[in-house]
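Just so it is clear, the values below take in all heavy atoms, side chains as well, and ignore hydrogens, waters and symmetry mates. Counting starts at 1 for both ligands and their atoms, following the listed order.
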Amino acid sequence: MERENILNSDQNICLHVDSESFAGAIIPPIYGNSLFTFNSYEDYVLGETNQQNKCVYWRGTNPTVEIAEKKLAALERGDTCKCFASGMAAITAAIFNSVKSGDHVLSVGNIYQSTDELLNYLQKFGVEHSTVFSVHIDDIRNAIRPNTSLIYIECPTDMNLQLVPLKKLASLAKDNGIRTIVDNTWATPLFQKPLIYGIDIVVHSASKYLGGHSDLVGGAIITSTEIMKTLFKKEYLLFGSSMGPYEASLLLRGLQTLPIRMKALQDSTMKIAQFLDKHPAIKRVHYPGLGQKQFSNETKHQLTGFSSLLTFELKNADHNTVKSVINKVKVFKIGVSWGGLESLIITPNLGHNEEELKKKNINPHIIRLSIGMEPSEDLINDLRNALGQ
Ligand SMILES: *Cc1c(COP(=O)(O)O)cnc(C)c1O
């Protein structure tokens, strides 16, 4: 019993595979075959009619990918998982599964820009999209329309990193017959498990912490058996954006060190957030790890840890100040994406979109950091030099 408990801990889910299934191989083999053959016509028919659980063709099910899927489902405490070619592929499948023509999608606070664009693109198919720029449950309730079929959120929200009360959101949605999707990429399943609060679908970009080494683009959906039943047959098999076995092997390797990476990244990021929080050139730091002032009672226990993506707003700044800070850092590299071993700096301010950012409640003089594995003192010194005294 005790051993069972230990083996079911998140750390062990990340680390181990059932090597008995693979002749004792400590690392599971990469099944590089596109198709699987059958001993008889009867077996073939069984496979064809149950592609979710039987290996027939790579686009549906692959044993290497399946190992990663089982781990992610276990980490999120969900029934089932499918892995995709990218986070956007997973998000697209989850959204298409949740809407039809005439429906309305509500997003809460800021979400990943491509997801926002995807939801606006759905207008072409008669699906409306609106955003409520508040994480308070009463404001969310007021933004629901009679035809709202989906509430889509990131928790914490994009850029301003606000926490949405997941339990209240899930029950509000259930009361109104509305599906909920949470993008859990920031927290990873180690630090937040949205499904336990009644959220319907969790999506991930595996390109960030889950892969963890900036050498993989992938995504995942974790949900109930019931939702996955149609999602697999339609959005998974028909859109054809499944993860391949080579990517799955990188994902499995990344997952092995996920707990230890997240702990190291959290410790380092906390120090950097505290340094920035006290810096005179900075108006505000957005990082849930900075403490109680950023939490409501409803969200206090949602996160059991904090990852390494944070943002800060410059005081008395203009576009040139933002530009100069980014050009002055030497240890941080300038680049998109995040969640790898290298520290990155970026801003959504492209010089010509300040008004657009303000409409999304984003301070145009905001800078985003993804903290990596360099010594935190080096990163702090780098920021100190770039920010000036
Ligand atoms: C990167 C990212 C995505 C998109 O994932 P890709 O793997 O790049 O397609 C979605 N959501 C969040 C929060 C992300 O950071």
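Of the polar atoms of Ile91, none of the N or O atoms is found under 3.5 Å from an N or O of ligand 1, judged by distance alone.
Screening Thr188, Asp10, Thr304 for a side chain to side chain donor-acceptor pair (under 3.5 Å) involving Lys193 leaves a single residue, Asp10.
At least one heavy atom of Trp338 lies less than 4.0 angstrom from ligand 1.
The closest heavy-atom contact to atom 5 (O) of ligand 1, among the options Gly218, Ser205, Gly211, comes from Ser205. Checking Val217, Asp183, Leu210, Thr157 against atom 13 (C) of ligand 1, the nearest heavy atom belongs to Asp183.
Phe84 and Tyr236 have perpendicular rings, their planes meeting at more than 60° on a 0 to 90° scale where under 30° would count as parallel.
The protein non-hydrogen atom at the shortest distance from atom 9 (O) of ligand 1 is Met88 N, 2.8 Å. Here the heavy atom of the protein found nearest to atom 2 (C) of ligand 1 is Lys208 NZ, 2.5 Å. Closest to atom 6 (P) of ligand 1 among all protein heavy atoms lies Gly87 N, 3.4 Å. In this structure, the protein non-hydrogen atom closest to atom 7 (O) of ligand 1 is Ser207 OG, 2.6 Å. The nearest protein atom to atom 8 (O) of ligand 1, hydrogens excluded, is given as Tyr112 OH, 3.9 Å; this is a heavy-atom distance.
Under the 4.5 Å side-chain heavy-atom criterion for ILVMFWY residues, a single connected hydrophobic cluster contains both Ile367 and Trp186.
A salt bridge between Glu355 and Lys358 is present, with a side-chain N of the basic residue lying under 4.0 Å from a carboxylate O of the acidic one.
Separation of atoms CD1 (Ile371) and OG1 (Thr269) is listed at 5.0 Å; rounding is to 0.5 Å.
For ligand 1, the atoms sitting less than 4.0 Å from at least one non-hydrogen atom of Glu154 are 13 (C), numbered in the order shown with element in parentheses.
Counting heavy atoms from C-beta outward, Ile27 and Phe22 have side chains that stay 4.5 Å or more apart.
Checked by atom type, the side-chain pair Glu154/Asn110 shows no donor-acceptor distance below 3.5 Å.
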